[in-house]
Amino acid sequence: MNWQVATCCFFLGVTTVLCSLDFTYHDNKAVENYLKAINKNYSSITYLHSIGASVAGNQLWVLVIGLHPSHHMIGIPEMKYVANMHGNEVVGRELMLHLIEYLVTSYKTDMVISQLINNTRIHIMPSMNPDGFDASVQDCYGIIGRTNKNGYDLNRNFPDAFDLNPNPIQPETRAVMDWINNENFVLSANFHGGAVVASYPYDNANSENNEISPDNDFFKNLATLYATNHANMHQGVQCLNTAIFPNGITNGYLWYPVRGGMQDYNYIYGQCFEITIELSCCKYPDASMLSEFWSENKVALIEYIKQVHKGVKGQVFDLLGYPIPNAIVEVKDRNHIKPYKTNSNGEYYLLLLPGVYTVIVSASGVSTLQTVNIKESQNLYAMKQDFLLHLPTSSVNSHLQICTLLSFLSTILVIFCT
């Protein structure tokens with residue numbers, strides 16, 4: 001196995017010039033050094049941070065790409081890609097590195113990529129399971145390296161809305177859960193291997209909820225979009241021991257039930273639409289095939305990011321013009337298991353296909369509704385619709401007091417820091 005990497009690409013301090021990323025497998029240190037080199041050379045549009053550590057102490061690196069990469073901006077949607085959740089499913093890990101290279105080197109030279117970066121905050125995690133990758137061996141159908149160092153399958157380790165999950169939450173899982181809670185993710189995809197298909201929620205179900213989510217139309221559209229823009233996924237690729245997937249898509253539960261999956265957790269608990277993308281029949285193919293995998297997925301990866309700009313977004317305000325956090329914002333006849341709520345800025349993002357919808361907003365016992373006619377998004381910008389809630393005087397005063405306190409604390413912090 002070839003772990004060698006070009007010196008000028010990966011060893012910080014040797015040079016500030018980045019070589020083109022080679023098509024080979026990169027170990028955890030090489031990935032870390034590459035991400036640091038990218039961050040150093042493209043510091044104005046990238047932000048590198050670790051969201052936590054694995055059982056063995058490997059950092060869970062995330063590179064953020066955007067016009068304001070280090071923090072959330074009101075009106076700018078957040079999306080993420082996560083790969084290598086199963087340590088022995090490695091193609092996605094390398095695709096994420098090549099996607100990063102493509103995005104940052106195309107900025108200001110490619111109009112579409114520039115617009116995408118300016119209007120989106122893109123989070124990319126090449127490896128959620130670096131310990132598993134360290135343990136893995138080149139094998140198409142084996143399971144060595146699939147789990148984390150404690151022996152737990154990370155895609156069976158999240159809280160499940162349909163069935164009690166008895167497995168103790170692992171450090172990698174906890175880090176991702178905290179990450180989801182701390183950010184405002186709207187759209188996501190996670191990458192696996194062993195099949196060639198785009199799978200969408202639900203992954204699990206019970207007697208009260210069937211496998212069909214209230215946003216089934218949008219999820220099917222997401223999966224179809226990826227499969228269609230992939231070189232051959234849409235043709236229904238059949239791998240060893242897998243079914244033929246018509247149009248290259250499947251409902252996760254109908255394929256096979258998954259308890260504790262990350263996909264359902266994102267959608268139900270994180271207000272984030274996530275699908276699972278299986279990239280290759282062979283989980284750990286020869287490195288000579290990586291260039292072909294990149295060519296097959298490149299267009300689909302870019303087109304998928306654009307989907308975070310579908311639907312409607314906006315803020316919810318009280319009578320004094322202050323944003324209302326934790327206001328419930330739902331669409332009639334597609335209520336979520338956990339109602340979708342505004343963030344600390346009073347923001348909401350609803351991914352919806354073009355059509356006419358009734359949006360219902362409520363807080364402190366007061367509600368309002370608005371019919372919205374959503375058309376295809378233009379210039380990577382979703383329809384904007386703000387809401388005004390006539391809250392009781394006590395609630396307005398509470399919001400005013402909170403906003404005044406936050407403003408005061410911010411002022412004190414600035415004075416202290418300067």
Side-chain angles (χ1 to χ4, degrees), residues 18 20-21 34-35 38-39 41-49 62-83 92 94-126 183-191 198 218 221-231 266 272-275 277 279 294-314 347 349-354 374-384:
L18 277 172
S20 178
L21 183 67
Y34 181 70
L35 295 177
I38 287 286
N39 182 225
N41 283 270
Y42 299 92
S43 58
S44 64
I45 58 168
T46 66
Y47 170 63
L48 179 64
H49 67 119
V62 173
L63 188 82
V64 188
I65 303 174
L67 189 60
H68 303 279
S70 64
H71 57 280
H72 177 70
M73 296 290 291
I74 293 175
I76 300 297
E78 316 263 347
M79 75 84 57
K80 62 182 169 68
Y81 278 146
V82 177
E94 294 301 325
L95 292 190
M96 293 301 98
L97 299 182
H98 286 278
L99 176 62
I100 288 169
E101 179 188 50
Y102 179 72
L103 289 173
V104 298
T105 57
S106 299
Y107 188 61
K108 292 188 176 180
T109 62
D110 184 300
M111 183 183 302
V112 174
I113 298 301
S114 298
Q115 190 176 29
L116 198 60
I117 291 175
N118 288 340
N119 293 334
T120 323
R121 192 161 174 248
I122 306 163
H123 306 244
I124 300 176
M125 176 188 282
E183 297 288 353
N184 301 275
F185 292 121
V186 179
L187 179 67
S188 176
N190 76 87
F191 298 93
F218 197 90
N221 185 264
L222 279 176
T224 300
L225 176 130
Y226 195 95
T228 301
N229 284 282
H230 185 279
N266 269 277
C272 174
F273 285 37
E274 178 171 285
I275 69 171
I277 299 169
L279 295 166
W294 169 242
S295 296
E296 290 174 351
N297 287 274
K298 177 182 174 182
V299 174
L301 288 167
I302 298 300
E303 291 302 314
Y304 189 86
I305 297 174
K306 295 179 183 178
Q307 305 315 298
V308 77
H309 297 284
K310 298 283 189 181
V312 60
K313 65 181 180 180
E347 289 178 280
Y349 296 84
L350 295 175
L351 294 179
L352 297 163
L353 296 177
I374 297 175
K375 296 179 170 55
E376 283 290 348
S377 61
Q378 300 295 320
N379 299 320
L380 299 180
Y381 198 83
M383 174 182 174
K384 189 172 187 295

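A 6.0 Å sphere centred on NZ of Lys108 holds no more than 12 heavy atoms belonging to other residues, nucleotides or ligands.
In this structure, Ile122 CD1 and Ile305 CD1 are separated by 4.5 Å, a value rounded to the nearest 0.5 Å. Note that the OG1 atom of Thr224 and the CD1 atom of Ile275 stand 9.0 Å from one another [nearest 0.5 Å]. Note that CE of Met383 and NZ of Lys313 are 12.0 Å apart. Values are rounded to the nearest 0.5 Å. With rounding to the nearest 0.5 Å, the separation of NE2 in His230 from CG in Asn297 is 4.0 Å. In this structure, Ser70 OG and Leu48 CG are separated by 12.5 Å, a value rounded to the nearest 0.5 Å.
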Quiz item: What do the steps show when you test Ile100 against Leu35 for side chain to side chain contact (heavy atoms under 4.5 Å, CB included), and what is the final call?
Solution: CA-CA 9 Å; Ile100 288 169; Leu35 295 177; 3.7 Å; yes
Quiz prompt | Steps toward side chain to side chain contact (heavy atoms under 4.5 Å, CB included) verdict (Tyr102, Asp110) | solution = CA-CA 10 Å; Tyr102 179 72; Asp110 184 300; 4.1 Å; yes
Practice problem: Start with the C-alpha gap between Ile65 and Tyr107, add the side-chain angles, then the distance that decides, and say whether side chain to side chain contact (heavy atoms under 4.5 Å, CB included) holds. | Solution: CA-CA 10 Å; Ile65 303 174; Tyr107 188 61; over 6 Å; no
Self-check item: Criterion side chain to side chain contact (heavy atoms under 4.5 Å, CB included) on Leu99 and Ile302, from CA distance to verdict
Solution: CA-CA 9 Å; Leu99 176 62; Ile302 298 300; 3.8 Å; yes
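Minimum interatomic distance between Tyr304 and Ala189 (heavy atoms only, all atoms of both residues): CE2-CB, 3.8 Å. Across all non-hydrogen atoms, the minimal contact from Leu380 to His309 is O-ND1, 3.0 Å. In plain terms, the two heavy atoms of Ser114 and Thr109 that are nearest each other are OG-N, 4.1 Å. For the pair Leu301 and Tyr226, the tightest heavy-atom approach, listed with the atom from each and the gap, is CD2-OH, 3.6 Å. Residues Glu347 and Gly75 share a closest heavy-atom pair of OE2-N, 2.8 Å. Counting all heavy atoms, side chain and backbone alike, Ala83 lies closest to Met96 at CB-CG, 3.7 Å.
Side-chain contact between Tyr349 and Glu78 is absent, with no heavy-atom pair separated by less than 4.5 Å. A heavy-atom distance below 4.5 Å is found between the side chains of Lys306 and Val112. Taking the side chain as every heavy atom from C-beta outward, Leu97 and Tyr34 approach each other to under 4.5 Å. Between Asn41 and Thr46, every side-chain heavy-atom pair lies at or beyond the 4.5 Å cut-off. Annotation: side chain of Phe273 is not in contact with side chain of Gln307 (no heavy-atom distance under 4.5 Å). Proximity of Lys80 to Asn266: side-chain heavy atoms (C-beta onward) are separated by under 4.5 Å at one or more points. Taking the side chain as every heavy atom from C-beta outward, Ile124 and Leu103 approach each other to under 4.5 Å.
The only member of His123, Arg121, Met79, Glu274 that meets side chain to side chain contact (heavy atoms under 4.5 Å, CB included) when paired with Phe185 is His123.
Listed by chain and residue number, nothing satisfies the salt bridge (Lys or Arg N to Asp or Glu O under 4.0 Å) test with Glu94 (two or more places apart in sequence, or in another chain).
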